[in-house]
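Only one structure is covered here, and it is reproduced in the block below.
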Amino acid sequence: TVGGRMEIFACRPAPIQISYLGYPGSNGNTGVVDYTVCDVEACQLSQANREFSEKLILLPPTYFPAPLYQITEPTQQEVLNQRLKLRIMPGKFVYCCLSKLSKISPKIFHIWA
């Protein structure tokens, strides 16, 4: 993740170093991070043993810090109501980027369309 400052971790300023939130994957076989906090889905646990150099701390049901009521799946009616509230007609595709908006240039948007 941009700004992660892994070079500080490389200096081992703490006896135990833990990676959380920025990237739900291994930091590589660097030996600078001891543990990674994740969940079964984010870490793709079936592959974790061979891809993670860190020990895993698994948080059920998700590693993302949100109350459970915020991560439950909405009903179809709730989705429809929210789409209509935002003036998104039923059946229309919605582009979504959970990253920096600057990564979606007109060229990228055109490729998606």
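Positions are given from 1, in the same order as the sequence printed here.
Shortest non-hydrogen contact noted between Ser53 and Ser26 is N-OG, 3.6 Å. Between Pro90 and Leu84 the shortest heavy-atom distance is CD-CD2, 4.2 Å.
With sequence neighbours excluded, no residue forms a side-chain hydrogen bond (donor to acceptor under 3.5 Å, both in side chains) with Arg83. A search for side-chain contact (heavy atoms from CB on, under 4.5 Å) contacts involving Pro106 returns nothing, not counting sequence neighbours. By the side-chain contact (heavy atoms from CB on, under 4.5 Å) test, Pro74 is found to be paired with Glu78, Val79, residues two or more places apart in sequence or in another chain being considered. Residues meeting the side-chain hydrogen bond (donor to acceptor under 3.5 Å, both in side chains) test with Glu7, sequence neighbours left out: none. A search for side-chain contact (heavy atoms from CB on, under 4.5 Å) contacts involving Ile18 returns Ile16, Tyr35, Val37, Ile57, not counting sequence neighbours.
Separation of atoms CG (Leu80) and CD1 (Ile88) is listed at 11.0 Å; rounding is to 0.5 Å.
Using modelled atom types, one finds no donor on one side chain facing an acceptor on the other under 3.5 Å when comparing Ser19 with Glu54.
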Given side-chain contact (heavy atoms from CB on, under 4.5 Å), test Leu58 with Cys38 step by step and report yes or no. CA-CA 5 Å; Leu58 297 176; Cys38 63; 3.7 Å; yes

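Residue pairs meeting the salt bridge (Lys or Arg N to Asp or Glu O under 4.0 Å) criterion with at least one partner in residues 15-25, sequence neighbours excluded, are absent.
Judged purely by atom type and a 3.5 angstrom limit, Gln17 uses its side chain to pair as donor or acceptor with the backbone of Val32.
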